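Take a look at the structure below.
Every heavy atom of this structure was used, including side-chain atoms; hydrogens, water molecules and symmetry mates were not. In listed order, ligands and their atoms are each counted from 1. Quantities reported herein were computed from a predicted structural model and do not represent experimental measurements.
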Amino acid sequence: MGTEVQADMNNGPVQETQTSGDIGGAPVIDLTGIEGPSRERIMREVSAACEEWGFFQVVNHGVDLAVMKRAKDASKEFFASPDEEKLKFAMKKNVHFHGYFNPDLMDKDVSKFSSTYEHLYYVFYPPLQEHKDRWPTIPEGFGPAMYEYVVESRGLVERILGLLSESLGVESHALFNGLKGPDVTQSNMNISFYNAKKEGEGEDQIALLGHTDPGAVTVVYSDEVVGLQVQKGDRWLDIEPTPNSLIVNLGDQLQIMSNGRFISGNHRVVEKSSKRRLSIINFYSPNMDAIIGPLDGLLSESNPPVYKSTPYRVYLDTFRQRARAQLLDTISSFKVLSLSDQEPSSESTIGTASTSSTIGT
Ligand SMILES: O=C(O)CCC(=O)C(=O)O
Ligand SMILES: [Fe+2]
């Protein structure tokens, strides 16, 4: 999910039950030997995590720790810069929410934002000049440091896509090729600096409502401050960042491509620590013109398509429209209807879902 969506999902003290969270959400998987003798084991662990949680953490993931550190240091330096410097990169109306946002310094109406925390949102891949021209230049090396991390973390995503394709029993490039469509996959970066829990505040504040990400695979590089929670049944579980790990979660497009075998895990962010939390998020998403549907190689008479095939652009537009109305379950409106279902108009689909929406529950 990108910032444009979060815009409408950040509502501060929304009353959701049980903000405290239990520890132990989602497995930690060691990727040592992924190209060698451990591949089978890793493939089983990753696919089990994707079926059960849609979430896992990875260690020994092959992303250069020095590159991670440079991206984190650059982000911290950006947020620590004087307000007037940061505001030079402020989001502008109609520029698709690219740029810097700070709820204390900016007119919330700038992009209909009601976010409760500072963040940066940029396209980092493909590195077109129009994208590069927007990247922050404070600190000076911000763009190159972040880009280096983006390239490394995209490599991780592509290794995971290979494993997942194999575990589905299709050719190892099947997921990647489906996502890239006619050209390349994309990476939008959301660098969020959440607020600390205020002293004396009883309830943990919800910074980001429960949602699934619309794209393919999200890589969250979180500092050691807890805040991200994954939903399991009716419970919210804290993801405790393991040092040097990366958190991986699947977005809606992988649930669709796997014909429902993998899940796009519902998650949210709460402000529960006395420290502010930094997270650097790579939304690895399909090409806008890729037609995403269940992979051909998975379908049979006994496994008919559960989801429709749709250009990603259409899916994302629907997701954004619905998110504005805080309807955060988009994927069910892309289900193939069974013959016994009545065909609702697209408007009534949205209307129906609004009343049955399970946001944050
Ligand atoms: O900050 C995080 O850990 C996750 C944020 C998130 O879920 C999102 O931006 O979609
Ligand atoms: Fe998310």
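- When rounded to 10 degrees, the angle formed at the Fe ion (ligand 2) by OD1 (Asp213) and NE2 (His211) equals 90°.
- Ring pair Tyr125/Tyr147 is parallel by interplanar angle, where below 30° counts as parallel and above 60° as perpendicular.
- With ligand atoms numbered from 1 in the order given, ligand 1 contributes 1 (O), 2 (C), 4 (C), 5 (C) to contacts under 4.0 Å with heavy atoms of Val269.
- Ring pair His131/Phe124: centre-to-centre distance not below 6.0 Å.
- Ring-plane geometry between Phe319 and Tyr315 is classed as parallel, the angle between the planes falling under 30 degrees on a 0 to 90 degree scale with a further cut at 60.
- Within ligand 1, the atoms closer than 4.0 Å to a non-hydrogen atom of Ile281 are 1 (O), 2 (C), 4 (C), 5 (C), 9 (O), numbered from 1 in the order shown.
- Not a single heavy atom of Arg268 sits less than 4.0 Å from an atom of ligand 1.
- Aromatic ring centroids of Phe101 and Tyr117 lie 6.0 Å or more apart.
- If you check the side chains of Tyr284 and Thr185, you find a donor sitting under 3.5 Å from an acceptor.
- Ligand 1 places these atoms under 4.0 Å from at least one heavy atom of Leu208: 5 (C), 6 (C), 7 (O), 8 (C), 9 (O).
- Counting atoms of ligand 1 from 1 in the listed order, those under 4.0 Å from a heavy atom of Asn190 are 9 (O).
- Residue-level proximity to ligand 1 for Ser192 is absent, since no heavy atom of it falls below 4.0 angstrom.
- Shown here are the ring-ring contact (aromatic ring centres under 6.0 Å, His included) partners of His61, two or more places apart in sequence or in another chain: there are none.
- Evaluation of the side chain to side chain contact (heavy atoms under 4.5 Å, CB included) rule for Pro82 yields Glu84, Glu85 as partners, not counting sequence neighbours.
- Some N or O of His267 is nearer than 3.5 Å to an N or O of ligand 1, by distance alone.
- In the vicinity of Asp213, heavy-atom distances shorter than 4.0 Å reach the ligand 1 atoms 10 (O).
- Near Phe283, meaning under 4.0 Å from any of its heavy atoms, are these atoms of ligand 1: 8 (C), 9 (O), 10 (O).
- Taking the centre of each ring, His98 and Tyr122 stay at or above the 6.0 Å mark.
- In the vicinity of Val220, heavy-atom distances shorter than 4.0 Å reach the ligand 1 atoms 3 (O).
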